[in-house]
Amino acid sequence: MGQGLWRVARNQQFQQGFLEPSYLTTDNGRRIIVNDNLNHRRNMQGGMDIYHLLKARKAKDEQGFINLEMLPPELSLTILSYLNATDLCLASCVWQDLANDDLLWQGLCKSTWGHCSIYHKRYPPGFSYRNLYMRLDEGSLTFNANPHEGIEYFLSRGILDDTPKEIAKFIFYTRTLNWKNLRVYLDERRDVLDDLVTLHNFSNQFLPNALREFFRHIHAPEERGEYLETLITKFSHRFCACNPGLARDLGLSPDAVYVLCYSLILLSIDLASPHVKNKMSKREFIRNTRRAAQNISEEFVGHLYDNIYLVGHVAV
């Protein structure tokens with residue numbers, strides 16, 4: 001930018017240098033220049049303007065980031081809204097009033113923990129979303145160490161209501177909980193698991209895609225057992241409830257979906273495992289699946305194979 005400004009100043013000087021000088025004729029016929037000093041002053045003035053511009057630019061570079069307090073509050077809050085909690089705490093050391101604004105911390109709370117019972121209650125005196133964020137973060141860390149103590153932390157501080165539906169909503173809209181501890185908790189709290197399954201909407205979704213979404217929220221166990229059977233059973237009933245027309249047209253029942261889910265899991269393991277040398281072919285998958293679910297069309301089962309082959313494992 002400094003070179004650009006210098007070019008502007010130089011061009012101005014060249015243009016002023018090419019101007020014809022003005023003369024004044026005296027009585028004896030002599031001519032004297034009357035505007036040469038004026039042109040010189042103009043050239044000097046242009047140089048001074050460039051000097052001040054460059055000096056201001058240098059001062060801005062030395063100053064660093066612009067002072068947010070000099071901006072309109074709406075713009076300042078918009079800039080700070082892109083920061084995470086750690087950076088926002090650091091920003092509060094410089095712009096205390098702006099960085100401690102409750103709207104910023106409310107956005108952080110609801111973007112990390114999408115549902116809490118306290119969001120829909122009348123706030124007590126002295127309530128602030130910044131303090132709530134600290135409690136939610138501490139409760140999540142406690143849950144990741146011990147799930148039952150973590151839930152008890154939220155209940156004892158009024159963040160969650162002690163009902164299976166409220167706990168299920170909290171789990172569904174939160175992404176900071178350790179999935180292994182969450183699996184242990186849901187295995188012991190089947191009432192919360194029932195409400196958590198109900199929160200899923202599988203309308204107009206292809207079966208493998210719906211199963212992937214289900215296992216993103218409720219992670220499948222590493223080994224086959226009673227808990228996995230319970231998950232697939234609940235998923236099968238929920239999938240048919242969300243797609244009554246599809247279930248009627250394709251002849252899908254909860255039992256048929258249950259069989260298809262197990263087939264998809266086994267196919268996923270077969271195609272993804274490096275230890276399996278002879279991969280299952282599409283023809284073999286269709287034949288094996290239709291032996292267990294005879295009412296399902298060959299074309300539909302073929303589409304299931306294509307999805308696993310192209311997209312990947314349903315339980316990753």
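Computed over heavy atoms, backbone and side chain alike; hydrogens, waters and symmetry mates excluded.
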Inset, instruction - Consider only side-chain heavy atoms of I, L, V, M, F, W and Y, link residues closer than 4.5 Å, and tell whether I167 and L141 are in one cluster. - result: no
Inset, instruction - Could you label the plane-to-plane angle of the F300 and F206 rings as parallel, tilted or perpendicular, counting under 30° as parallel and over 60° as perpendicular? - result: perpendicular
Legend entry - Gap between atom CG of L136 and atom CD1 of I159 - 0.5 Å precision: 4.5 Å
Inset, instruction - Run the numbers on N201 and S203 for side-chain hydrogen bond (donor to acceptor under 3.5 Å, both in side chains), then give the verdict. - result: CA-CA 6 Å; N201 183 10; S203 299; 2.7 Å; yes
Legend entry - Between E166 and S117: side-chain donor-acceptor atoms closer than 3.5 Å: yes
Could you go through residues 251-263 and list every donor-acceptor pair under 3.5 Å that involves a side-chain atom there, pairing it with any protein atom two or more places apart or in another chain?
{"unit_1": "S253", "atom_1": "OG", "unit_2": "A256", "atom_2": "N", "d": "3.2"}
{"unit_1": "S263", "atom_1": "OG", "unit_2": "V259", "atom_2": "O", "d": "3.1"}

Legend entry - Atom of L68, atom of I79 and distance for their closest heavy-atom approach: CD2-CD1, 3.9 Å
Inset, instruction - Kindly write out the residues that satisfy salt bridge (Lys or Arg N to Asp or Glu O under 4.0 Å) with D195, not counting sequence neighbours, or none if the list is empty. - result: none
Inset, instruction - Find out if a path of hydrophobic residues (ILVMFWY) with successive side-chain heavy-atom gaps under 4.5 Å connects L193 to V184. - result: no
Inset, instruction - Mark yes or no for whether R290, through its side chain, and I296, through its backbone, hold a donor-acceptor pair below 3.5 Å. - result: yes
Inset, instruction - Ignoring hydrogens and angles, tell me if any N or O in the side chain of E149 forms a donor-acceptor pair with the backbone of A145 under 3.5 Å. - result: no
Inset, instruction - Take the angle between the ring planes of F202 and F235 and call it parallel below 30°, perpendicular above 60°, tilted in between. - result: perpendicular
Legend entry - Test side-chain contact (heavy atoms from CB on, under 4.5 Å) applied to F239 and L211, step by step: CA-CA 9 Å; F239 182 83; L211 192 58; over 6 Å; no
Legend entry - Validation row: S128, Q106 side chains within 4.5 angstrom (heavy atoms): no
Legend entry - Within-4.5 Å side-chain heavy-atom neighbours: S236 and I232: yes
Legend entry - CG-NZ distance between L199 and K165, expressed to the nearest 0.5 angstrom: 8.0 Å
Legend entry - same_hphob_cluster(L71, L104) at 4.5 Å side-chain heavy-atom cutoff: yes
Inset, instruction - Kindly indicate, with the supporting measurements, whether the criterion side-chain hydrogen bond (donor to acceptor under 3.5 Å, both in side chains) is fulfilled by T230 and E226. - result: CA-CA 6 Å; T230 300; E226 187 268 338; 3.0 Å; yes
Inset, instruction - Check for a donor-acceptor pair, side chain of T112 on one end and backbone N or O of C109 on the other, with a separation under 3.5 Å. - result: no
Inset, instruction - Report yes or no: does Y305 contribute a side-chain atom to a donor-acceptor pair with the main-chain N or O of R283 at less than 3.5 Å? - result: no
Legend entry - Backbone N/O of D270 and side chain of S273: donor-acceptor pair under 3.5 Å: no
Legend entry - L264 reachable from V276 in the ILVMFWY side-chain graph, under 4.5 Å edges: no
Legend entry - Main-chain N/O of L103 paired with D101 side-chain donor or acceptor, under 3.5 Å: yes
Inset, instruction - Using modelled atom types only, decide if a donor and an acceptor are shared between the side chain of N178 and the backbone of N181 within a distance under 3.5 Å. - result: yes
Legend entry - K180, NZ: over 12 other non-hydrogen atoms inside 6.0 angstrom: no
Legend entry - Closest heavy-atom pair and its distance - L196, H200: O-ND1, 3.0 Å
Inset, instruction - Can you sort out the partners of K234 under salt bridge (Lys or Arg N to Asp or Glu O under 4.0 Å), two or more places apart, ordered by chain and number? - result: D194
Inset, instruction - Please lay out, stage by stage, how Q205 and C242 fare under the test side-chain contact (heavy atoms from CB on, under 4.5 Å). - result: CA-CA 9 Å; Q205 291 193 28; C242 293; over 6 Å; no
Inset, instruction - Any chance you could measure L304, atom CG, to T289, atom OG1, to the nearest 0.5 Å? - result: 7.5 Å
Inset, instruction - Please confirm whether the backbone N or O of L83 pairs with a side-chain atom of D87, one donor and one acceptor, at under 3.5 Å? - result: no
Legend entry - For the student: nearest non-hydrogen atoms of H219 and W179, plus distance: CD2-CB, 3.1 Å
Legend entry - Over 12 foreign heavy atoms within 6.0 Å of CG, N295: no
Inset, instruction - Of all the heavy-atom pairs spanning Y153 and R135, show the shortest one and how long it is. - result: CE2-O, 3.2 Å
Inset, instruction - Measure the SG-CG distance between C240 and L246 for me, rounded to the nearest 0.5 Å. - result: 8.5 Å
Legend entry - Residue pair E284 / K279: nearest heavy atoms and the distance that separates them: OE1-O, 4.2 Å
Legend entry - In one Ile/Leu/Val/Met/Phe/Trp/Tyr side-chain cluster, 4.5 Å: L231, L177: yes
Legend entry - N278 CG: over 12 foreign heavy atoms closer than 6.0 Å: no
Legend entry - Verdict with reasoning, H217 to R175, per side-chain hydrogen bond (donor to acceptor under 3.5 Å, both in side chains): CA-CA 9 Å; H217 289 91; R175 297 292 178 267; 2.9 Å; yes
Inset, instruction - Classify the side-chain pair T142/E138 by whether it contains a donor and acceptor separated by less than 3.5 Å. - result: no
Inset, instruction - Could you walk me through whether I171 and Y185 pass side-chain contact (heavy atoms from CB on, under 4.5 Å), step by step? - result: CA-CA 11 Å; I171 294 173; Y185 181 80; 4.2 Å; yes
Inset, instruction - Would you check if the side chain of N100 reaches a backbone N or O of Q96 as a donor-acceptor pair within less than 3.5 Å? - result: yes
Inset, instruction - Given side-chain contact (heavy atoms from CB on, under 4.5 Å), test C116 with F170 step by step and report yes or no. - result: CA-CA 6 Å; C116 293; F170 174 78; 4.0 Å; yes
Inset, instruction - Can you label the angle between the H115 ring and the H120 ring as parallel, tilted or perpendicular, going by 30° and 60°? - result: tilted
Legend entry - Partner of Y129 under side-chain hydrogen bond (donor to acceptor under 3.5 Å, both in side chains), chosen from Y119, Y123, W105: Y123
Inset, instruction - Might you point out which heavy atoms bring V94 and E69 nearest each other, and give the distance in Å? - result: O-OE2, 4.3 Å
Inset, instruction - First locate atom CD1 of I286, then atom NE2 of H303, and finally report the distance between them rounded to the nearest 0.5 Å. - result: 9.5 Å
Legend entry - From L160 atom CG to W113 atom CH2, the distance as rounded to the nearest 0.5 Å: 12.0 Å
Inset, instruction - Would you confirm whether R212, through its side chain, and G312, through its main-chain N or O, come within 3.5 Å as a donor-acceptor pair? - result: yes
Legend entry - Side chains of R190 and Y227 in contact at under 4.5 Å (non-hydrogen atoms): yes
